[in-house]
Amino acid sequence: MVAQVTARSRGEVQGHCPFCARSLALTFHHLIPRKVHRRPRFRRRYDAAELARGVYCCRDCHDAIHATYPEMELASRLNSPAALAQDAALQRHFAWLARQRRAPG
């Protein structure tokens, strides 16, 4: 299971990415993208704490998530770490990343 974090614990950290399992700097990914926070549908459905939920992942996985799906689909369908980890398109990319070496430096 991928741990979720709150807005209070955000910031870049070192660790293992929950998606590709590589050890490197991790960035905070909002499970409900900030771009949709101001939409009435999401403001009514979620409180501020739920909108601030997220997960730490490496920059490569974070970029892949946002490149693969639009913000609205991330917000409505892929808004949990488990949903992200179980998505077929993302699984293929995460598996590919897991086989990559991290560039030195």
Side-chain angles (χ1 to χ4, degrees):
M1 180 68 188
V2 178
Q4 294 182 30
V5 293
T6 62
R8 268 181 273 154
S9 63
R10 273 189 267 159
E12 192 171 282
V13 297
Q14 288 293 123
H16 291 283
C17 176
F19 302 119
C20 68
R22 298 180 301 163
S23 179
L24 57 160
L26 304 177
T27 60
F28 187 80
H29 168 70
H30 282 90
L31 293 172
I32 299 173
R34 288 184 305 181
K35 187 176 182 177
V36 300
H37 285 192
R38 64 180 170 265
R39 292 182 181 253
R41 177 170 94 183
F42 291 98
R43 283 200 328 233
R44 280 192 305 267
R45 188 181 307 168
Y46 302 105
D47 64 17
E50 289 174 311
L51 290 172
R53 284 183 314 128
V55 63
Y56 280 102
C57 59
C58 72
R59 174 49 55 195
D60 294 329
C61 287
H62 197 166
D63 289 346
I65 291 166
H66 286 284
T68 306
Y69 292 105
E71 305 288 332
M72 289 303 290
E73 189 164 358
L74 290 173
S76 17
R77 188 174 70 83
L78 298 167
N79 57 12
S80 74
L84 290 168
Q86 293 170 358
D87 181 75
L90 291 174
Q91 277 182 343
R92 284 191 302 274
H93 193 75
F94 296 155
W96 176 81
L97 281 171
R99 295 188 303 269
Q100 305 307 304
R101 293 180 110 150
R102 184 163 182 261

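Sequential numbering from 1 along the given sequence is applied to the chain's residues.
- Taking every heavy atom of both residues into account, Pro18 and Val55 meet most closely at CG-CG2, 4.2 Å.
- To the nearest 0.5 angstrom, Thr68 atom OG1 is 10.0 Å from Glu73 atom CD.
- For the side chain to side chain donor-acceptor pair (under 3.5 Å) test, residues two or more places apart in sequence or in another chain that qualify with Arg59 are Asp63.
- Every residue was checked against the side chain to side chain donor-acceptor pair (under 3.5 Å) condition with Gln91, not counting sequence neighbours, and none meets it.
- With contacts defined as side-chain heavy-atom distances shorter than 4.5 Å, the pair Cys20/Cys58 qualifies.
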Q.
Please determine whether side-chain contact (heavy atoms from CB on, under 4.5 Å) holds for the pair Leu97 and Phe19, giving the CA-CA distance in whole Å, both sets of side-chain angles, and the decisive distance to 0.1 Å.
A. CA-CA 9 Å; Leu97 281 171; Phe19 302 119; over 6 Å; no
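- Of all the heavy atoms in Asp87 and Leu90, the pair that sits closest is OD2-N, 3.1 Å.
- In this pair, His62 and His29 present their aromatic rings perpendicular. The plane angle is above 60°, beyond the 30 to 60° band.
- Using a distance-only test at 3.5 Å, with no hydrogens or angles considered, a donor-acceptor pair links the side chain of Thr27 to the main chain of Cys57.
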Q.
Walk me through whether Leu84 and Leu74 qualify under side-chain contact (heavy atoms from CB on, under 4.5 Å).
A. CA-CA 9 Å; Leu84 290 168; Leu74 290 173; 4.3 Å; yes
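- You'll find the side chain of Asp60 reaches within 4.5 Å of the side chain of Arg22, heavy atoms only.
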Q: Just do the side-chain contact (heavy atoms from CB on, under 4.5 Å) check on Ile65 and Phe94 with the steps written out, would you?
A: CA-CA 10 Å; Ile65 291 166; Phe94 296 155; 4.0 Å; yes
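- Remark: Arg77 CZ to Met72 CE distance equals 13.5 Å, nearest 0.5 Å.
- Below 30°, between 30° and 60°, or above 60°: for Phe28 and His30 the angle between ring planes is above 60°, a perpendicular geometry.
- Of all heavy-atom pairs spanning Leu31 and Pro81, the tightest one is CD1-CD, 3.6 Å.
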